[in-house]
Each structure stands twice: as C-alpha cells, then as structure tokens.
Amino acid sequence: MEATSSSTAAPEGTPQEHKPKGRPLAAVTILIGGAGLLVLALLVSISVGSISIPLGTVWQALFHFNPDVTDHQVIREVRLPRALAGVLVGAGLSVSGAVMQGMTRNPIADPGLLGLNAGAGFVLAAMFAFFPNMSYMTLILYSFVGAGIGAGLVFGIGSLSKSGLTPMRLALSGAAVSALLSALAEGIAVYFKIGQDLAFWYAGGLAGIHWTQVKIMFPWVAAALIGAMCLSRSITVLSLGDEVSSGLGQRNGLIRLGGTLVVLVLAGAAVSAVGAIGFLGLLIPHIVRYLVGVDYRWVIPCSGLFGALLIVVADIGARVINPLQEVPVGGLIALIGVPYFLYLVRKGGRGIR
Amino acid sequence: MKMSPYGHLAQRSRKTIWTALILVILILAVFLLSMNLGAVRMTPQDVVKTLFGGGDARQHLVLFTLRLPRIVIALLIGAGLAVSGAVMQGLTRNPLAEPGILGINAGSGLAIMLYASYFPVVTLGTAFMMPLCALVGAGLTAVLIYGLAFKKSEGLSPSSLVLNGIGIAAGISAAMIVLAVRLTPEKYQSVYIWLAGSISGTTWNYVLALLPWILILVPFVIYKARVLNVLVLGDKTALGLGANLDRDRLGLLAAAVGLAAASVASGGAISFVGLIGPHLARRLVGPNHKYLLPVSALLGALLVLTGDTIGRSVMHTGEVPTGIVVAVIGAPYFLYLLAKAKA
C-alpha cells in the first residue's frame, strides 16, 4: 500500500526483511520543528481576528492575566479555546486517519470518506430535532455512537462480499452509506426546519468554541491519542499484512478492536466539536509517511502534530481571507484535500484499484 | 464468439414486451393512486369526474395545476435518470456507476447554488434558467472527471472514473456547504429543499422545459443501443467489431450527462434511481441494451413516481422530499448489490 516507501523499503519476501523502514532522525527533526511551528501558529492564531492583538499583549494575557483588560478577556475566553480546540481536532482527525490507513492497509481510508462524519451527522441531526436542549457531554457521546454506526455499516457491508474489502469497494460503500445517512439527516432537517443550523455545523468551523467543549473533549482525545501511541507498534506490524502479524504472535482481532475504538473516539469528538472536516485524515498521514517512513511509532505522533498545525493555520486563513464572514475551515481543507485525493487515484497502481 | 447474451432474441423480446406491459400497468395504478392522495383528499370518483370536465373549481385546481404536472415530471425525471444510469454503466463497464455517484448531481447542485447566490430566485424564467445552469454544471463536472480519469497509457479505466467521481463529488459538496452558510435563510430553505430532491411546486413550465430533453435523448440512446452492446464487450473487441470508439463514447456520454442534468435540474439531486432502474432491468430482461434501456426508463419512472407519492402522503403536516424517499429505498439496495458483487 505504501507508494512512498518504494524507494527505500526492502522487497518484502523473506521474514527478516519485514521490518519496516522508519527514519527516526527525520521524525525527531520533524517533531521538534513541527512543535516549534505549532507554537508559532498558535500565537499568530491568538493574535489575529476581528481585532488583532499584538503578540506582546498575547504574552501578557497568557502569563500575566489582568481581568480588567478587554484584550486579555478576548484572548482567554475566545481565542485560546478556539486555538486549543483546533489542536485537539486536527490531531484527532489525522491520527484517526493514520490508524485507519495502517489497520486496513487502505491508502484512501479517511473518517469523512468512510461514513463516520455522515453517521455522526445523522445522529446529531436527530438529537438537534428531538432533544434541542441536551448538554454538550451528551452530544459528544452520541456523536461517538453515530460515528460507530457509520463505520460499522461501511466496513460491515464492504467486507460482506466474497472478494473482501478492496479500496474501491470501501470507497463505494462509504459513498452509499454516507448518501443514505445524509438523506435521513436531510429528511429530519427539512421536517424540523433545522437545515441551516445543521449546515453551519457541517461546514466545520472553529468559531463559537467555548471552554466547556474543550474541557469535555480533552480527556477523550488525550486518552485516545495515548491509546493510539500504545497501539502504534502493533499497527506497524499489522500494516504488513494479517499473516505476518499473526506469524509474529500478534492478536489481530484485539488490535483492530483497540484501533477501531481509538478511531471512533477521535473522529466522533472532532465531528461533534467542529462538524465534518473531510480529507484531513487522508492527507496528513500520507505526507507524514512520505517524510518519516512507515513506522507507525513515528507516523502517529507526527501526524497528530501536522494535523494540528494544518488546522490551526487553516483557521487563521479562514479568519484572514474574509474577516466579516468566515470561510469554514472544512471548505479550505477540502480545497487542498480533494486535489491530493485525485492525485492518489491517478497514481493508482499501488493499492487503489 | 459466445452467443449467450443475445442468444434467444425472440424470447427476450417477448419477455421485454410482457415486462414493459406489466410496468406500464403498475405505473398507471400508481398514477391513479397519486392523483387521489395528497394534502387535499379526492375520491377516485372525484378524480374521474374532474378529469372529464366535471368537478368544482377547487378540484380542478388541485388536479390540473398541482398534481398532474408533478406526476408527469416524476415520470420524466425517473426515466431520464434511469436511462442515464444505464448508459453510464455500459460506458464504464461498471455496474455500480450512476449519475449521483459520478458527481453529476453535485456539479448541477453547485451550479444552481451559485446561481441562487448571485441572482435573485424569481419564478419567471427560472424554469428555463435552472436546467441550463444544471446542464453547464453537470457538463463541466463530467468533463473534469472524464479528463482526470483518462490516462494516455491505459485509456479510461472504469474504476478510476468512479474514484475520481467520488473525490470530485466530495470536493463539490464541501464547496456547496461553504456557499450554503452564506445564503439568506429564505434562499437557503428553497435551495436546500431543491438539493434534497423535491418536485413539489412543479408547474407545467417545468414539464415543458424537461420534456424535449427526454423526447430527444432517450430515443437517441435507444437508437445507439447496438453501440453500447459492443462497447460493453471491452475496447479490444469493440475495435475489432469496427466501432468508432471515441466518437461513439463521447456522444453517448454527452447524452447521458444531458439526461441526468436536465432531470436533476427539474427535480433536484435524486440519487440511486440511475443505479437501481438499470440494475433491476438487467435482471428482468437481460443485458441487451435494446431491451434494457426502455425497461430501465419504465422502472425509473415507476420508482420516482412511487417515491414522490409516498413522500407527500406519509406525513400529515408536511412532505418528505422525493429524493430522500428514493435514497432511503435505494441506498440499502445499492449496499446489497455491493455486498453481493463478485469483483
């Protein structure tokens, strides 16, 4: 499945050559550099907006907070939660994409393409309609359930066929399940006249994020990210194929179960907070594997970092391009993600058939 | 050469005639039922009386101005989408190809959304402007997908066509959501209902705008049925049999896009009809396009009319857009096909 490793990976023939090539040096460089860039992007993100606040004030608001200064209030109550939510969502979506791609050996796995977003969207539409006053905590739990329904349908139906779960079948199954669940969500939206509310949410934006959301989301996302790291070694082995993995004494079913839980929690939390941001989970792991190789112990943390960085930068873009009416971040990311997906399809050959 | 698909020609054509006859009877039955159902209930006697000139003014209005154009357009849309799907399946040699999956709906939708964003949505003239917009959107999308999927070395591989379609459709959906958020709530509601696939509020003008497309393109495609039969056998065989591949393929693709675009323009994004119509037709009358295309048209018409009738009679207070009803019936069937498909 790895187009990127073609130049470096040894031919997979004999057992001892199955050890995948990673590039720890590149990965460490990227992690350090990326973390620096992320801090910089966060500072910029906090300072730009409808009123721009000089970096010095940002510094003061963070470390010498004075509740009487309006700028400090804006930073603490509006900008900071927004930036942190971006980090959580971006890391969550990218890592869930990386875990999915590793587990399924499928280069086009992405929470958006595989029905998770639509599933969460459907359940959320039903919740908006029937229980408009529910708490954010309940909302998050239900979007996990929705993501699970979507993913379960896509993978279940995709793998029912005799020839198994090919990337093509997974994509079609994802498209059909998404169409079904979106149709049901639309039906609910039209009937209860909550269409544009739902569209705002679908559009994927970080505007209007509050501390409550960040606080509720944080433990879930953190736990799932740690879980992903614990699984990373097993996923690397699993990405070499089921036989290799069980030959090395791994319990494939158990790893898949753990991986699936991680994916559902990460995608569900992201979708419940900012709506359907597609293509991020597809794009980032590919770029990362290109840079650091196919060892998921490096791929997962680098993906998390890059995903967070991309979304924070895209969110800055969303506010700068049209300050009066923000461009939804999801749209901006699709602008990069779609061409990349098409490029992957065009390169075809390895994996996508 | 194997003769199996075209072996029992006489038997096939007899079977087609019977199938078509049964479908026409079913369509007539739903047609009659559909005239009776709706917010204003009319008994069958009332309907018959009104049809032949009797009935009061209100019954006249309900039947001739509200229900009949809607029923007719449902039939036309269903036929158009199903025939378009049948042609696309033949061209891509992929039984899962469908205008919706291939991004045609999304392309038309984006064009209509742009139109709604920058021009006031007025009733006069829009009946003719909307199809034009949708046609341009669908055409550009088709060209884009076709162009991206085409490789000089391998030509047009069916799977790359489908995957490109899915990618482009996802991208267009994202763009549409971005536009949707910017619309005023009133405009949004009308565009949204349109996008969900609704044919409520159809007037005879819409019927007149769609009719020529169906009347010209469906017979054209049926006339080209032989070419489709040859193309299905694969490029090499088709070349060997002397088909002018590129020109025929382009003509048929243009016809399929035209049919899908005109239908989508009149009825919004109704997906899955183009998949299920041809598929059921293939089961009933076999793979010969001469029989497959007309039976697909009838099945599509029946499906959309039934979906619309259900959509406006299940709820007392409002209606469910037709596209949603059709998707709820169609998507599970698509998934069933996917699970069963061999390769």
Side-chain angles (χ1 to χ4, degrees), chain A residues 108 112-113 153-154 156-163 166-169 171-184 186-187 189-191 193 195-196 199-200 202-205 275-276 278-279 325-328 330-335 337-339 341-342 344-346 348 352-353, chain B residues 96 100-101 148-149 151 154 157 159-160 162-183 185 188-189 192-193 195-198 271-272 275 311 315 317-321 323-328 330-332 334-343:
Chain A
I108 59 168
L113 286 172
L153 281 172
V154 171
I157 289 157
S159 52
L160 274 178
S161 161
K162 281 173 201 130
S163 55
T166 60
M168 173 79 166
R169 192 176 302 285
L172 278 172
S173 174
V177 167
S178 297
L180 175 65
L181 292 171
S182 326
L184 289 170
E186 272 169 27
V190 168
Y191 186 71
K193 297 212 165 43
Q196 208 164 12
F200 268 111
Y202 263 125
F279 293 103
Q325 214 173 10
E326 288 184 13
V327 184
L332 278 183
I333 289 176
L335 208 66
V338 173
F341 175 81
L342 297 175
L344 279 180
V345 170
R346 183 159 188 89
I352 303 180
R353 278 253 181 240
Chain B
L96 299 172
I101 295 264
L148 285 169
K151 277 185 190 169
E154 312 166 23
S157 102
S159 69
S160 129
V162 172
L163 286 171
N164 273 293
I166 290 174
I168 296 275
I172 291 179
S173 304
M176 273 163 68
I177 290 171
V178 172
L179 283 173
V181 177
R182 292 156 171 256
L183 291 178
Y188 180 79
Q189 192 65 16
Y192 191 71
I193 287 182
L195 285 176
S198 169
S271 23
F272 292 107
L275 180 89
M315 287 194 303
T317 45
E319 348 192 308
V320 186
I324 292 175
V325 180
V326 174
V328 170
F334 178 88
L335 293 169
Y336 163 75
L337 290 181
L338 196 65
K340 258 191 46 174
K342 280 183 206 83

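Since this is a predicted model, take the numbers as computed values, not measurements. Below, chain A is the first sequence line, B the second, and so on; all start at residue 1.
With a 4.5 angstrom heavy-atom cutoff, B:Ala327 touches chain A via backbone and side-chain atoms both.
Chosen from A:Leu332, A:Val338, A:Leu180, the residue pairing most often with chain B at heavy-atom distances under 4.5 Å is A:Leu180. Put simply, of B:Leu275, B:Val328, B:Leu335, B:Ile168, the one with the most heavy-atom pairs under 4.5 Å next to chain A is B:Leu335.
Here the closest heavy-atom approach between residue B:Ala331 and residue A:Ala176 is recorded as CB-O, 4.1 Å. Among all heavy-atom pairs drawn from B:Ala170 and A:Phe279, the shortest one is CB-CZ, 3.6 Å.
B:Leu148 contributes atom CG, which lies 5.5 Å from atom CG of A:Leu342 (distance to the nearest 0.5 angstrom).
Qualifying side chain to side chain contact (heavy atoms under 4.5 Å, CB included) partners for A:Ala179, counting only residues two or more places apart in sequence or in other chains: B:Phe272. For B:Ala169, the side chain to side chain contact (heavy atoms under 4.5 Å, CB included) partners are B:Ala106, not counting sequence neighbours.
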